[in-house]
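Contents: one structure, followed by commentary.
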Amino acid sequence: MNFCFTSIRSFPKLWTSHQYLGLGPGQSSLAHLERYCGLKNQKKWFSCKTVSPQNTKSNNLLTAKARYLRKGDEGNNKQVSSESPHFFAAGSAKKRSQNSHPSKEQALLPSRKSFQVPTKPLTSEQWSKLQADFKGKAKFENWIITQMVRAHSSVDVAKSLLAWVAAENSGIVGYDLLVKYLCLCVFHKQTSEVIDVYEIMKARYKSLESGANTLLIRGLIHSDRWREAVLLLENIKKVMVPSKGNYNDCIQGALLHQDANLAWSLYQELLDYELIPVLDTFKAFFDFGRGMNDDQYAKKLLDILLYLRNNRLYPGESLAHSIKTWFESIPGEQWQGKFTTLQKSGQCLGCGRTIETSQLSSEEYDYLQGKIMKDVIDGGDQYKKTTPQELKRFKNFVKTCPPFDIVIDGLNVAKMFPKTRESQSLLDVVSQLSELNLRLLVLGRKHMLMPSSRWRKDEMERVKKLASCFFADNISEDDPFLLYATLHSGNHCKFVTNDLMRDHKACLPDAKTQSLFFKWQQGHQLAITAKLPGSKVVFQPILSYDTVVQTTGDSWHIPYDDNQVERCSFEVPTKWLCLHRKT
Ligand SMILES: [Zn+2]
């Protein structure tokens with residue numbers, strides 16, 4: 001009986017967001033850059049100021065630029081466009097452009113099929129020629145800058161495009177073009193260019209949409225004008241909830257400029273919006289606190305660890321390193337950190353202490369059961385698809401049965417193996433569990449009883465012989481039934497589904513209940529991880545200890561995600577950071 005049932009680990013990485021700006025597997029760099037640049041939902045809340053005296057500054061600059069370019073084109077000035085001293089010419093981009101004088105050798109590819117974005121700045125003549133070769137493209141400049149963003153083109157090349165557009169359009173560069181240019185400037189960390197575009201945008205537009213604000217925030221935090229990034233955050237707040245990325249940028253900016261109080265108040269605001277901070281935000285606070293002799297600051301860092309505990313979040317490897325380094329740097333406290341693993345019994349191989357059990361105490365169980373029954377099942381707005389009549393029919397059915405050992409989400413299990421017929425998959429799981437002499441309940445839908453190529457009658461008959469079954473209307477939600485039957489059966493009862501049940505977080509009333517729910521889920525959910533040749537199904541083992549950030553006061557144990565390991569959604573980390581005071 002190697003099917004492991006006393007110990008399951010089946011816990012979703014619930015709110016762990018993708019590492020901020022990190023590139024997940026399979027994501028193209030284009031998707032990355034588009035996300036990075038926030039280009040996806042432009043246009044909203046974007047409004048254009050009518051021409052006012054204020055606008056003349058930027059227009060004059062653009063016109064001057066255009067004039068300057070014509071002059072350069074005429075050969076009266078040997079300097080190239082990007083050396084002119086205004087917004088399209090500032091910053092370190094300048095130096096690079098000096099080394100890349102536009103030349104006739106510049107490849108201007110004739111067909112769109114084999115098109116490559118220019119790799120060096122072009123003269124106005126060259127841009128005009130390129131446009132002519134692409135006649136038919138209504139908005140050549142928007143099309144080409146999009147290609148340049150995709151190719152991560154250098155700022156100089158983009159700048160030469162903007163200068164050409166400005167020259168052709170009486171100094172006016174369109175909004176889309178500016179935003180995409182800004183995207184490249186931010187991507188290449190060309191801060192002074194970012195500031196120049198910021199000035200143009202402030203002068204020309206009354207308000208900006210969140211994509212441009214996001215880019216400006218990210219670009220400004222490295223500069224002396226980082227406080228203006230916080231003002232842009234205020235602007236975003238007028239129309240929408242800023243993203244956790246916006247907050248991360250502003251917090252990083254504040255810490256970069258030694259304003260820890262502002263960083264903490266932004267952090268509090270982020271929590272007040274019920275946003276889950278990105279791991280980089282936590283890391284920034286730990287890195288900033290290194291070696292600091294400040295009890296208040298230290299207490300806030302410990303609060304972050306408790307926040308990770310309550311929300312069952314796991315640090316990545318780099319945050320784990322920052323946490324370790326911070327503890328070891330606390331003056332006079334003698335902390336020692338080790339990266340380690342646990343024995344199956346839950347004993348830490350670093351210090352020998354035993355990790356918290358995954359079992360709920362009877363008080364915790366009663367509390368959770370009461371809350372779930374009240375808020376998830378009866379509270380029911382989330383489950384409008386389940387009629388009160390059907391819920392009543394189900395409750396009566398459960399009351400007439402003795403407690404179950406395992407409750408199976410029939411439809412979820414049946415769809416687990418796309419290559420196997422649904423009724424066959426369900427029968428395999430039910431047969432395997434019934435060999436253990438367990439009382440089984442299969443929750444299903446009425447359509448499963450209609451014989452078809454996917455649901456064979458003989459197989460469903462065998463399922464009904466091996467397990468109690470309840471078939472709900474085809475439109476019903478399964479989860480409330482699954483939770484009700486499992487919790488009604490008692491603390492020993494497990495359930496089988498690969499569904500993560502994240503939606504329930506929304507209907508659980510408070511952090512305590514949420515944390516208990518997910519602890520209970522970890523200790524009671526049997527997720528299927530594989531099917532061996534034949535019909536044997538492999539379950540994710542339930543562990544006896546609770547994989548969660550925890551402390552005893554003079555020790556901390558912090559599970560973390562190894563960079564090398566891609567963790568499946570229903571798994572938990574196996575690596576731990578063990579911290580204890582030297583005695
Ligand atoms: Zn330990």
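The figures here come from the full heavy-atom set of this structure, side chains too, leaving out hydrogens, waters and symmetry mates. Atoms within a ligand are numbered from 1 in the order they appear, just like the ligands themselves. The structure displayed is predicted, hence computed values, not measured ones.
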Just grab all the salt bridge (Lys or Arg N to Asp or Glu O under 4.0 Å) pairs involving residues 336-361, residues at least two apart or on different chains.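 Non-adjacent pairs meeting salt bridge (Lys or Arg N to Asp or Glu O under 4.0 Å): Arg309-Glu356, Arg353-Asp554.
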**Message:** Strictly under 2.8 Å, how many protein N, O or S atoms lie near the Zn ion (ligand 1)? Waters don't count.
**Reply:**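 Count of protein N, O, S atoms less than 2.8 Å from the Zn ion (ligand 1): 4.
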Holding to side-chain contact (heavy atoms from CB on, under 4.5 Å), I want the full list of residues that pass it with Ser362, two or more places apart in sequence or in another chain.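 Here no residue qualifies.
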Taking Ser361's backbone N and O only, do any of them form a donor-acceptor pair with Glu364's side chain (distance below 3.5 Å, no angle check)?
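Side chain of Glu364 to backbone of Ser361: a pair is present.
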So with a 6.0 Å cut-off around CG of Asp272, is the heavy-atom count from everything else above 12?
->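 Yes.
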*asked:* Please determine whether the number of non-hydrogen atoms from other residues, nucleotides or ligands lying under 6.0 Å from atom CG of Asn563 exceeds 12.
replied: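 Yes - once you tally the heavy atoms of other residues, nucleotides and ligands closer than 6.0 Å, there are more than 12.
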Could you tabulate the donor-acceptor pairs under 3.5 Å formed by side-chain atoms of residues 485-492, not counting sequence neighbours?
from	atom 1	to	atom 2	distance (Å)
Thr486	OG1	Leu482	O	2.6
Ser489	OG	Phe404	N	3.0
Ser489	OG	Ala485	O	2.9
Asn491	OD1	His524	NE2	3.0
Asn491	ND2	Leu360	O	3.4
His492	NE2	Phe404	O	3.0
His492	NE2	Asp405	OD1	3.3

